[in-house]
Protein chains: 2
Amino acid sequence: MQPRPRTIPEATVARLAVYLRVLTTLADGGRSTVSSGELASAAGVNPAGLRKDLSHLGPCGVRGVGYDVGALRDRLTGVLGVGSARACVLVGIGNLGSALADYAGFGTRGFEFVGLFDASPARIGQRVGDLEVRALDELEDVVTATGASIGVITTPAEVAQTVCDRLAAAGVRSILNFAPVPLAAPAGVDVRKVDLSVELQVLAFLGQQRVPAGVGESA
Amino acid sequence: MQPRPRTIPEATVARLAVYLRVLTTLADGGRSTVSSGELASAAGVNPAGLRKDLSHLGPCGVRGVGYDVGALRDRLTGVLGVGSARACVLVGIGNLGSALADYAGFGTRGFEFVGLFDASPARIGQRVGDLEVRALDELEDVVTATGASIGVITTPAEVAQTVCDRLAAAGVRSILNFAPVPLAAPAGVDVRKVDLSVELQVLAFLGQQRVPAGVGESA
DNA sequence: AGCCGCTTGTGAACGCAGGAACAAAGTCCC
DNA sequence: GGGACTTTGTTCCTGCGTTCACAAGCGGCT
């Protein structure tokens, strides 16, 4: 007996996270109710699409009035599973890794880094944010001890697969990969990839496509 | 006279960038030809999809043999518009901005940062990578002088729209936005968004969905 | 109490991306 | 020179995501 189907499209989940952020802002501003139109505008999406996204959670609005800001925020918090802080480990403390470890957007949104790891002896022992960088050898122990369920990989491409394997073997079930290689993970482990240079290249293509005549005139 | 339709789907363009990276690696390794199956495996996609992606560029392989690594790489380089280095400016030199300015993956792939900007006087004058952080006032002058066509925003959310407006007014045609707000840009300016906390939240949801013990039963 | 306007939630149509199967073409071997 | 194998390029089909448009429900006003 499950009145609502458990399957929520990934694209919808991504937008729910955006709605949650907007709702938090609105709640801080003292707003009590919002209409789908206003919320959609603040989130940068279509109002009808927003309502369809929310319909996956069952009815959570009042017709003729709109959505209760606090209630909807709490509902989204529960559905997205960010009610209790989730323990994350980060492997590869280079420039990008350090930035992520210090990124306020994570800590304030239900995620807590409980371990930073690097292979370079020069980095081990350094403090980044409020954590100390540890040797890669301790990875499995820390994952087990903290019950970390999320791993972030910001290592060079060559070692990303090895790190992925170790994370998966240690019990991590979700991996966010910034290394520019496709990772193979065992069943039961989700991998998401963020490729920053690809984003730039898509942007470059779109800009070039727009002006097909003599665009690279940087001289 | 345009033998091939100019419309290439965005999803395809993103994958073309991945193929280009793999091809570069293969070329460095001395490979001369590759089959679609091998290339697809290295890129983490379906072979049929890869061939379909490449078909947007017209025939560029030899049946019975495969693709010429060097030729295909050059073709992709041309299509993606990364043949000549593109000038980029980066606004918001916090942790993330510093990491991006230093990220080797950009410089080696046809992108060159020509200006780093921040509003905080404490950061102005600091060296990041091989550039000096400049005052935000100089943004327009630098964009004009260098002909930068790409802007990257890593500022706090509150000022992202203002920066976006100034970039667009100065002549930047493509913007990569890391701030967690939807940006409105005039026609002719492309905006792509990368939201790191959303990626983590999607991951958290998928991990939670896999183990539905004690979901938020708010009833 | 009844009506009206506003907003949500849902159903259907459209377009797009992804995957699989098939035909064309070139090469290697006999 | 001919046949067969390999690999590309294309075509069809299925499924998903998005959008538009309508019906249902609730509050407020008369």
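The chains referred to below are lettered A, B, ... by the order of the sequence lines, with proteins before strands, and numbering in each begins at 1.
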Q) If each of A:V65 and A:S55 is mapped to the nucleotide of DNA chain C with the nearest heavy atom, which maps nearer the 5' terminus, i.e. the 5' end? A)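 Looking at the nearest nucleotide for each, A:V65 comes out on the 5' side.
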
(Q) Using only modelled atom types and a 3.5 angstrom limit, is any donor from either the side chain of A:R63 or the base of C:dT8 paired with an acceptor on the other? (A)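 Side chain to base: pair found, below 3.5 Å.
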
Q | Quiz item: B:K52 side-chain donor-acceptor pair to C:dG19 base, under 3.5 Å | A |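 Between C:dG19 and B:K52, which were checked side chain against base, a qualifying N/O pair under 3.5 Å is present.
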
Expressed as a whole number of angstroms, how long is the span from [X]:[atom1] to [N]:[atom2]?
X     : N      : atom1 : atom2 : result
B:Y67 : D:dT6  : OH    : P     : 17 Å
A:E10 : D:dG15 : CD    : P     : 19 Å
A:L54 : C:dG9  : CG    : P     : 7 Å
A:L50 : C:dT7  : CG    : P     : 14 Å
B:R51 : D:dC12 : CZ    : P     : 17 Å
A:H56 : D:dC16 : NE2   : P     : 11 Å
B:D68 : C:dT27 : CG    : P     : 13 Å
A:D53 : C:dT8  : CG    : C1'   : 14 Å

Would you find a donor on one side and an acceptor on the other, under 3.5 Å apart, between the side chain of [X] and the backbone of [Y]?
X      : Y     : answer
A:Q208 : B:V79 : yes
A:R15  : A:G49 : no
A:T154 : A:V91 : yes

Q. Which residue lies toward the 5' end of DNA chain D, B:G64 or A:A11, if each is placed at its nearest nucleotide?
A.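 Whichever sits nearer the 5' end wins; that is B:G64.
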
Q.
Does either side chain, that of B:R86 or that of B:S174, offer a donor lying less than 3.5 Å from an acceptor on the other one?
A.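 Judged by distance alone, the side chains do not pair up.
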
Q: Taking only the side-chain heavy atoms of A:R15 (C-beta and beyond), determine which of D:dT18, C:dG19, D:dG9 contains the nearest atom.
A: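 Out of D:dT18, C:dG19, D:dG9, the nucleotide with an atom closest to A:R15's side chain is D:dT18.
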
Q: For the side chain of A:A48, starting at C-beta, report the closest nucleotide among D:dC20, D:dT8, D:dG27.
A: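 Of all the options, the side chain of A:A48 is nearest to D:dC20.
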
Q) A:S36 side chain N/O closer than 4.0 Å to the phosphate oxygens (OP1, OP2) of C:dT7? A)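 For C:dT7, neither OP1 nor OP2 has a side-chain N or O of A:S36 closer than 4.0 Å.
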
Q.
So B:G66, base contact, sugar-phosphate only, or nothing? Heavy-atom distance under 4.0 Å.
A.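 Touches sugar-phosphate only.
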
Q | Distance (rounded to the nearest 0.5 Å) between A:S197 OG and B:L100 CG | A |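 One gets 11.5 Å once the value is rounded to the nearest 0.5 Å.
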
